Amino acid sequence: VGKILRIAARFLQFVLALTVAGLYGVDLHHAAEAHKYADSKWVYAEVVAGLSCITVLVYMIPILKTWACFGWDAVLFILWMALFGTFGKMYISENPEGDSGIIRMKHAVWVDLVNMLLWFGTAVYGAVIFFMHRRGRTLHTGRAE
């Protein structure tokens, strides 16, 4: 059951990171078409989404114990938290008044929140498993802790 839940969580992290990349990428594309600068907040969102996608792909390597990488999951949780805080402050209380761009960004904020919670969950799970296995016996003699 645990393995299926981990795979489902990683799959959701990957899909939602791709979703965020698409949602924020639209604004970056429009800025590039209008020959305007790329706002650093949107670039940050793309970088965090890209790091998340790459991380999940690396975690798919079968020999890697992903629970041992709980520190990196915690770093990604902090990055997602900053992303959610930044865009949440900008868009949660915003009245869209029929503006599809603002509606899209309000949706993106909630996807950021779900991503943040997923990375928090995998970081906590990884830390728990890591510290539970830390006190195990050695492979060769079975005597030492």
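One is the number of the first residue; the rest follow in order along the sequence. Remember, it's a predicted structure, so these values are computed and weren't measured experimentally.
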Of the non-hydrogen atoms in [X] and [Y], which two are nearest, and what is the gap between them?
| X | Y | result |
| --- | --- | --- |
| A38 | V43 | CB-CG2, 3.9 Å |
| L18 | C53 | CD2-SG, 3.7 Å |
| S52 | A17 | CB-CB, 3.8 Å |
| A45 | L83 | CB-CD1, 3.5 Å |

Considering only heavy atoms from C-beta outward, does the side chain of Y24 approach that of L28 to under 4.5 Å?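 With C-beta onward as the side chain, the pair stays apart.
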Cluster check [X], [Y]: I/L/V/M/F/W/Y, side chain < 4.5 angstrom:
| X | Y | result |
| --- | --- | --- |
| I102 | V26 | no |
| I61 | F11 | no |
| W110 | L118 | yes |
| V114 | I78 | yes |
| L117 | V48 | yes |

Sequence neighbours excluded, which residues qualify as ring pair (Phe, Tyr, Trp, His ring centres under 6.0 Å) partners of F70?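 Here the qualifying residues are F130, F131.
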Suppose we screen for ring pair (Phe, Tyr, Trp, His ring centres under 6.0 Å). Which residues come up paired with F77, at least two apart in sequence or across chains?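 F77 satisfies ring pair (Phe, Tyr, Trp, His ring centres under 6.0 Å) with F120 only.
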Using side chain to side chain donor-acceptor pair (under 3.5 Å) as the criterion, list what pairs up with H29, not counting sequence neighbours.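 Only E33 meet the side chain to side chain donor-acceptor pair (under 3.5 Å) criterion with H29.
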Set of residues satisfying side chain to side chain donor-acceptor pair (under 3.5 Å) with respect to T55, sequence neighbours excluded: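 With neighbours one apart ignored, the set is W72.
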Contact list for residues 96-109, test side-chain hydrogen bond (donor to acceptor under 3.5 Å, both in side chains), sequence neighbours left out: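 Listed once each, the pairs are D27-R104.
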CA sep, side-chain torsions, deciding dist, call: W80, V20, side chain to side chain contact (heavy atoms under 4.5 Å, CB included): CA-CA 11 Å; W80 280 108; V20 165; 3.9 Å; yes
Pairing residues for [X] by the side-chain contact (heavy atoms from CB on, under 4.5 Å) criterion, not counting sequence neighbours:
| X | result |
| --- | --- |
| I7 | K3 |
| K89 | none |
| R10 | Q13, V56, Y59, M60, T66, D73, W119, T122 |
| A74 | A123 |

By the salt bridge (Lys or Arg N to Asp or Glu O under 4.0 Å) test, which pairs, at least two apart or in different chains, include something from residues 35-44?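 Counting only pairs at least two positions apart or across chains, no salt bridge (Lys or Arg N to Asp or Glu O under 4.0 Å) contact touches residues 35-44.
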Only pairs at least two apart or in different chains count here, so list each salt bridge (Lys or Arg N to Asp or Glu O under 4.0 Å) that has a residue in residues 50-59.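 Listed once each, the pairs would be none.
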Y37: hydrophobic cluster co-members (side-chain, 4.5 Å):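 Direct or chained contacts put Y37 with none.
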Looking at L16, T19, L79, which one forms a side-chain contact (heavy atoms from CB on, under 4.5 Å) with N115?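 Of the listed options, the one satisfying the test is L16.
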Kindly compute the distance separating CZ (F87) from CG (D112), expressed to the nearest 0.5 Å.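 Interatomic distance, F87 CZ to D112 CG, rounded to 0.5 Å: 7.5 Å.
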According to the interplanar angle, ranging from 0 to 90°, do the rings of Y91 and W42 count as parallel (below 30°), tilted (30 to 60°) or perpendicular (above 60°)?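 Rings of Y91 and W42: perpendicular, as their planes differ by over 60°.
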